[in-house]
There are 2 protein chains.
Amino acid sequence: MVKARLSGQERRRQIIEAAADLFSRKGFRGTTTRQVAEAVGVCEATLFKHFATKEELYAAIIEAKAQTQEILTGAVPAARAGDDAGVLRTLAREMIARVKADPTLMRLLFFSALEGHVLSDMFFRSRFQQVEDFLSRYLGERMAAGAFRTVDPIQATWNFIGMVAYHLLLRELFGRKGPAHLTTERAVEEMVSVFLQGVRRP
Amino acid sequence: MVKARLSGQERRRQIIEAAADLFSRKGFRGTTTRQVAEAVGVCEATLFKHFATKEELYAAIIEAKAQTQEILTGAVPAARAGDDAGVLRTLAREMIARVKADPTLMRLLFFSALEGHVLSDMFFRSRFQQVEDFLSRYLGERMAAGAFRTVDPIQATWNFIGMVAYHLLLRELFGRKGPAHLTTERAVEEMVSVFLQGVRRP
DNA sequence: TCATGGGAAGTGAGTACTTACTCACCAGTG
DNA sequence: CACTGGTGAGTAAGTACTCACTTCCCATGA
């Protein structure tokens, strides 16, 4: 039973949450305000009390998702300790965990990009910029220290992120699982392993 | 000036082409039959002479795109010659070239997956299955031969494809370019390089 | 060569339904 | 009481698709 009357703030939050789920499954044009209203358990007109337009609701959702930025708390200690594998492993794990924790995240990221949404770029950056900056800086330092081959740190970063992202795409968008023994943990270990060995100075 | 009257076959082909472009930019629900008709230069009713429904048109497009399967002509000679770098380089180049040759390809792949289209799985497989099979088999052979570390060939394959796919995603969907010196050629070489070194037996 | 018929391609107008949003009013709470 | 949250009914525009008809083209026969 949905509570009949909430504060404006609370109702907004509820609408955003329900709509995020729908938008992530059907995209902007594929989601009707009627569906959103039903999911929330209110009248369609109520949505428009809180958001002037459907567009404004979508933008509010993207902004909310972008707000939950990737925080690199876990990888910093490993970086300080010069624990290469620890850095990579933690980054990969955190990226994967974020997506698992919020199933709408990746789908909304891709839907908004495909739809050419004005906030798409900001959304993407909120998800990847910190990881990119952190890892490319770390790789650059390790190269300067002679531990890694000298390659472009950005490119190397993209290569690593690419492995993680593809892993997520296969599962979240394309419903691929692979052989049963390929757990996420094993997948992460192999990514870390192939990448680390690949960038080491021979 | 659009020719006023074409054979049924030719008109179908023309509609599919114009609609593919629109669907790849706006998705299914975001593309109206009116827009398609205008892009083709015919009356809306004409579309429905050739396709019973909008859905049928979309399916025809996906099927057409799936038909242009990845053909692995280039990598086979390199595989025979045991030219590891050649195999990987050729695969990456061909994947990238395909997407560049048809800008609708990747966008339609992702739109249809996000939209949960019944043909999405088939579409995905048409694009990746052969590369996956080919490369995982090749990697398996190289592992058996002692040249590569023993890891799961599927996982290793996904890691490599992930790097290529992310490169494409950044450019085709997210409009990212990276530093100017990062040409596609350089990117491919680094992917091949990090991967090869990463899977070599230490 | 020309005329005719049939089949297929194509159109303008319209239909029925869908969709985002508004309006006038009601209900709840401090 | 005043303000804010919420509703049922409705509106205007959008959308996929149909209908009744026209046009074109090719094959055939005279």
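Below, read A as the first sequence line, B as the second, and so on, with proteins coming before strands; counting in each chain starts at 1. Because only heavy atoms are used, hydrogens play no part in the values below, and waters and symmetry mates are left out as well, while side chains stay in.
Between A:Phe23 atom CZ and C:dA20 atom C1' the separation is 11 Å, expressed in whole Å. To the nearest angstrom, P of D:dC25 lies 15 Å from CD of B:Glu10. C:dG12 atom P lies 12 Å from atom CD of B:Glu38, rounded to whole Å. The separation between A:Leu57 atom CG and C:dT19 atom C1' is 15 Å, rounded to whole Å. Note: CD (B:Glu56) to C1' (D:dA16) measures 14 Å, nearest angstrom. Here the C1' atom of nucleotide D:dT7 and the CD1 atom of A:Ile15 are 14 Å apart, to the nearest Å. We find that CG of B:Leu47 is positioned 13 Å from C1' of C:dA9, with the value rounded to whole Å. In this structure, B:Phe51 places its CZ atom 15 Å from P of D:dT18, rounding to the nearest Å.
Within the nucleic acid shown, B:Lys49 comes within 4.0 Å of at least one base atom, counting heavy atoms only. Contact annotation for A:Thr32: backbone-only contact, meaning every heavy-atom pair under 4.0 Å involves sugar-phosphate atoms and none involves a base.
Under the 4.0 Å criterion applied to side-chain N and carboxylate O atoms, A:Arg186 and A:Glu190 are not assigned as salt-bridge partners. Ion pairing between A:Glu189 and A:Arg89 holds under the 4.0 Å rule for side-chain N and carboxylate O. In this structure, A:Arg125 pairs ionically with A:Asp121, as a charged nitrogen and a carboxylate oxygen lie closer than 4.0 Å.
The listed nucleotides are D:dT7, D:dA16, C:dC21; the one nearest the side chain of B:Phe48 is D:dA16.
In terms of position along DNA chain D, the nucleotide closest to A:Cys43 lies nearer the 5' end than the nucleotide closest to the other residue of the pair A:Cys43 and B:Thr31. For the pair A:Thr33 and B:Gln9, nearest-nucleotide mapping onto DNA chain C gives the more 5' position to B:Gln9. Each of A:Ala45 and B:Arg29 was assigned the nucleotide of DNA chain D with the nearest heavy atom; the assignment lying further toward the 5' end belongs to A:Ala45.
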Are A:Phe111 and A:Phe23 close enough, and set up right, to give a ring pair (Phe, Tyr, Trp, His ring centres under 6.0 Å), and what steps lead you there? CA-CA 8 Å; A:Phe111 254 133; A:Phe23 281 128; 9.3 Å; no
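Remark: A:Thr46 is in phosphate contact with D:dT7, judged by side-chain N or O atoms under 4.0 Å from OP1 or OP2. Put simply, A:Arg5 has no side-chain N or O that comes within less than 4.0 Å of OP1 or OP2 on C:dA27. Look at A:His50 and you'll find a side-chain N or O under 4.0 angstrom from OP1 or OP2 of D:dG6.
In terms of polar N and O atoms assigned as donor or acceptor, the side chain of A:Arg34 never comes within less than 3.5 Å of the base of C:dA20 in a complementary pairing.
Aromatic rings of A:Phe174 and B:Phe110 (six-membered ring for Trp) have centroids within the 6.0 Å cut-off, being under it.
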